Enquirer: 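The structure follows.
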Amino acid sequence: MPELLKTYNPREVEQAIYRRWEESGLFNPDKLPLAKRRKPFTISMPPPNITGELHIGHMLGLTIQDLLIRYHRLRGEAALLVPGTDHAAIATQVVVERELRKEGVQRHEIGREKFLEHVWKWKEKYGRRIVEQTKRVGASADWSRERFTMDKGLTLAVNTAFKRLYDDGLIYRGERITNWCPACRTSISDLEVDHEDVPGKLWYIKYPLTDGSGHVTVATTRPETMLGDTAVAVHPGDARFASFAGKTVRLPITGHNIPIITDTKIDREFGTGAVKVTPAHDMLDYELGQTHRLPIVRIIGFDGRLLPAAGVEYCGLSVLEARQRVIEKLRGLNAIEKEEDHIHAVALCSRSKTVIEPLISKQWFVRVKPLAEKAVRAVRSGKIKIVPERFVKTYFQWMENIHDWNISRQIWWGHQLPVWYRTQNGREETRVSLTRPGPSWTQDTDTLDTWFSAGLWTFSTLGWPKNTADLRRYHPTDVLETAWDILFFWVARMIMFSLYFVKEVPFKTVYLHGLVLDEHGQKMSKSKGTGVDPLVMGDKYGTDALRMSLIVGNAPGQDFRLYEKKIEGYRNFANKLWNVSRFVLSNERPRGRVTAGSLADRWILGKSQQLIKNVTRGLDKLDFSAAGQNLYDFLWHDFADWYLEVSKVRKNVGLLYVVLDNYLRLLHPFMPFITEQLWSRLYPDRLLLVSAWPKPSPRLAEAAGQLFEKLQRTVVALRNFRLHSGLPAGASCSFVARSEADDARLLAALSGVRVQTVRRLTVDSRYGDLLIGEITFQIEKRYIERFESWRQKERVALESHIASIERKLNNERFAARAPSAVVTNEREKLATAKQRLLEL
RNA sequence: GGGUUCGUAGCUCAGUUGGUUAGAGCGCCACAUUGACAUUGUGGAGGUCAGAGGUUCAACUCCUCUCGGACCCACCA
């Protein structure tokens, strides 16, 4: 076997390692040894959109998912990570449309079928790229179970779900006002609308009373909609308008007479307290229109331009053009009382960033209230745990105020509704069916909201509704790991659908990670070039380093910053591990029983046991950061800095191997590539991937290391001596060896001070005695003097510390009220401090 | 309007149910270094834990308020 290189080169090993894993087939839990007897552990990978490449946020998610999967696989469970991709209906259509437009091709010119061909081509390309990238992060996903939301099986699931909901009366079609994106030419759900505060104007318009007794002034940010006004509304309790009840006003410009109505929904504080009502083009007005049976006048069309009903003068204008012209006209009529600057929230389509027009159209809806109630109960009862917990509140709040979900989209890419129509005797018939009911039936051209299929993800990927073997074994999944920003879009809907269709929760725990920000706390953005490109970083520093930098210092639900220096730090860590291993491997592994004889041996064993405990507890608590931090500290500051240094003087090769072996298993979920590579040096024909998680042994974890820690303190004191005494590099001192710890070579090697053991100290006036710990060193007096002045300062600090503990212990109330554990703790602290004072 | 979250060393962050002399990494300074590693080692400087009040024997930690940042939800026209 060739020598290990001096530095770790991730690029060389990563691909080969992943190939070894894949070829072993062990990502598929059914192929694991004794698969049937293993307890399953499942994670459904949130399917990335096929709109493009993976970004750093995906990497974070994949890293955490894979970390959990590898951990549970090592623990002997049948760990299944189900991979897949999402067709991302509107998002993908917008992207492909944009791409085609660059080539001068318009969607409507080539027609639905041709357009969909283009999208499928896109899907093939980006779907493949996403898979490649997922593999590069090291995700140990079962590729034999890879799914796409528009696969045959998943489409069947979608249609089945739709039909079931329809048959149960939970899906209905209705003419409603919905958010309409004029650019995408489709309705969208409330969640797909972003609100942005923009400075605008508030216009005060005078509407004269028909009886000539004056006028009512209304305030509006959208004066153009007055062309479709069918009422003016005031609050019933508003004294200012008490005399106006039942009267009518005449609309300027159109000259229509419209009534003044009263409704408690009106906010008396806003504007003048009187509101113009345009039922066809405003959400609140639509509702007022319904309750007061107002006529509906549509003046804006699906293309965002004014309709003939707005009047010849305005027909065909865009909303903004019409606004301008209406204002001019009103000014001419002297109908504008005043205008004010006003900041208001504009609704934008989250995909195209176009201003949303609330429009009335025929759409399909899911009645979510009954589904939501059960979904709330699942979380309230603890069947589903959300980490971090605070998102529970947000979840409840949203769920309890949920509106019916508009699921139909007037776009092409997606699952076409399993709804069929035909006209019989002049009457339209509707049927919901998985197949065409007959030759005279035509299918609804709408497609489903992309989150409809996504909501079925955990069970549709496991074969529902047709093949239920996987479903029975691997569902409910154990953890759902995703970004908090799709809690409502996706997580909530999965819970609702899973409870409804398979009568169980989709997952037991939801782990929400935060957004990855750049060094300055900005959202990483490709277009602004402020992001850390995960592929570039992976190439430069290694996937393991990238993974580790995403894990450590990251808390659930908390946005966190990633910067190159941090990744570099973990590259250095990988290299440290590499070299530690090189040191260990440079010795032939001895056969036979491994003993832990020396103080250092027992100390590192104890530390190693503690590490097993801490990492295991951290992972079970989903505290990945703490677990990773523990692993980092152990390797660097215990194993390398102390134990390896001791080993240079006195070596226990067997134990070095044992500690390294254990360590590689613990680190593997975090840094799978390098650990697997090193493992192959230990066991050329075995895979770390499917080795076993170390079990802590309480017997070994005992505080065997206390004596070694004393030695460590002596070493530190000697180091301080060298630094603060001005002792020249070559000078040496003598001491009398008394115990095992008083090993001259060890002390010298660790402290950098040349020491030699003697039987008896010399009697010489130039020399003095220096007591460090229990050891007396003999050394030239001038060095001792300089050192003593430094040591005095340290002593003062330590003494004041001791005094403060004593004060606390002597405080009567402390003694009376503090829990005994705390008191014991304080006593120990005092003892340690006193001990240190002696050893200084 | 409702809700969430953050403010700890120059920078990025830990700090477990209140109980170490408040920690780490990076950066900075000094020194060291030919039996793994300069992608190294040892040591040092640097913090009134945003501010004010309160609860407590004890507050970075709990409560109230103030200041400053980030975000989510919502049909203030």
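All figures in this text were calculated on a predicted structure; none of them were measured in a lab.
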Enquirer: Tell me yes or no: between the side chains of A:Lys834 and A:Thr832, is some donor less than 3.5 Å from an acceptor?
Expert: no

Enquirer: Under a 3.5 Å cut-off for both distances, is B:rA36 Watson-Crick or wobble paired, and to whom?
Expert: none

Enquirer: Applying the side-chain contact (heavy atoms from CB on, under 4.5 Å) test to A:His281, which of A:Asp229, A:Leu227, A:Ile300 qualifies?
Expert: A:Ile300

Enquirer: Which part of the nucleic acid, if any, lies within reach of A:Arg719 when heavy atoms closer than 4.0 Å are counted: base, sugar-phosphate only, or nothing?
Expert: sugar-phosphate

Enquirer: Can you check the distance between B:rG51 and B:rU61, where both ends of the measurement are the P atom (answer in whole Å)?
Expert: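 Their P atoms lie roughly 10 Å apart.
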
Enquirer: Can you tell me how far P in B:rU64 sits from the matching atom in B:rG18, rounded to whole Å?
Expert: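 16 Å, rounded to whole Å.
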
Enquirer: What's the gap between B:rG41 and B:rA50 when it is taken at their P atoms, as a whole Å value?
Expert: 32 Å

Enquirer: Write down the distance separating the P atoms in B:rC26 and B:rU40, rounded off to the nearest Å.
Expert: 8 Å

Enquirer: Can you tell me the pairing partner of B:rU17 across any strand shown, Watson-Crick or G-U wobble, with both distances under 3.5 angstrom?
Expert: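 WC or wobble partner does not exist here.
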
Enquirer: Hunt down the Watson-Crick or G-U wobble partner of B:rU48, both distances under 3.5 Å, from any strand shown, or write none.
Expert: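 WC or wobble partner does not exist here.
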
Enquirer: Can you tell me the base-pairing partner of B:rG27? Count Watson-Crick or G-U wobble geometry only, both distances below 3.5 Å, and say none if there is no partner.
Expert: none

Enquirer: May I ask you to establish whether A:Arg493 and A:Trp405 are in a cation-pi arrangement, using a distance under 6.0 Å from NZ or CZ to the six-membered ring centre and at most 45° from the ring axis?
Expert: yes

Enquirer: Do A:Tyr663 and A:Phe639 have ring centres separated by under 6.0 Å?
Expert: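 Distance test on ring centres: not under 6.0 Å, no.
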
Enquirer: Only pairs with both distances under 3.5 Å count, Watson-Crick or wobble alike; so what is the partner of B:rC60 in this structure?
Expert: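 Checking every strand shown, B:rC60 finds no partner, since no pair has both distances under 3.5 Å.
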
Enquirer: Does B:rA77 have OP1 or OP2 under 4.0 Å away from a side-chain N or O of A:His281?
Expert: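 For B:rA77, OP1/OP2 do not have a side-chain N/O of A:His281 under 4.0 Å.
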
Enquirer: Given the C1' atoms of B:rC31 and B:rA45, what is the spacing between them in whole Å?
Expert: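 My reading of the C1' atoms in B:rC31 and B:rA45 gives 15 Å.
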
Enquirer: Which nucleotide, in any strand shown, forms a Watson-Crick or G-U wobble pair with B:rG1, with both distances under 3.5 Å?
Expert: B:rC73

Enquirer: Report the base-pairing partner of B:rG7 (Watson-Crick or G-U wobble, both distances below 3.5 angstrom), or none.
Expert: B:rC67

Enquirer: If you look at every strand shown and take non-hydrogen atoms under 4.0 Å, does A:Trp484 touch a base, only sugar-phosphate, or nothing?
Expert: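 Sugar-phosphate only.
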
Enquirer: Base, sugar-phosphate or nothing for A:Pro358? Non-hydrogen atoms, less than 4.0 Å.
Expert: nothing

Enquirer: Can you list, in residue-number order, the parts of residues 639-648 of chain A that come under 4.0 Å of RNA chain B, counting heavy atoms only?
Expert: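 Heavy-atom contacts with RNA chain B come from A:Ala640, A:Asp641, A:Leu644, A:Glu645, A:Lys648.
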
Enquirer: When all nucleic acid strands are considered with a 4.0 Å heavy-atom cut-off, which category describes A:Lys621: base, sugar-phosphate, or nothing?
Expert: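 Here A:Lys621 touches no strand at all.
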
Enquirer: Record whether the side chain of A:Lys576 comes under 3.5 Å of the base of B:rC37 through a donor-acceptor pair of N or O atoms.
Expert: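 Counting by modelled atom types and ignoring angles, a donor-acceptor contact under 3.5 Å is found here.
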
Enquirer: Need one value for A:Glu826: base, sugar-phosphate or nothing, where a base atom within 4.0 Å counts as base even if backbone is also close, heavy atoms only.
Expert: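 Sugar-phosphate contact only - A:Glu826 comes under 4.0 Å of backbone atoms but never of a base.
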
Enquirer: Assign A:Ala797 to base, sugar-phosphate, or nothing according to its heavy-atom contacts below 4.0 angstrom with the strands shown.
Expert: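 No contact at all - A:Ala797 keeps every heavy atom at 4.0 Å or more from the nucleic acid.
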
Enquirer: Within the structure shown, what part of the strands sits under 4.0 Å from A:Thr7 by heavy-atom distance: base, sugar-phosphate, or nothing?
Expert: base

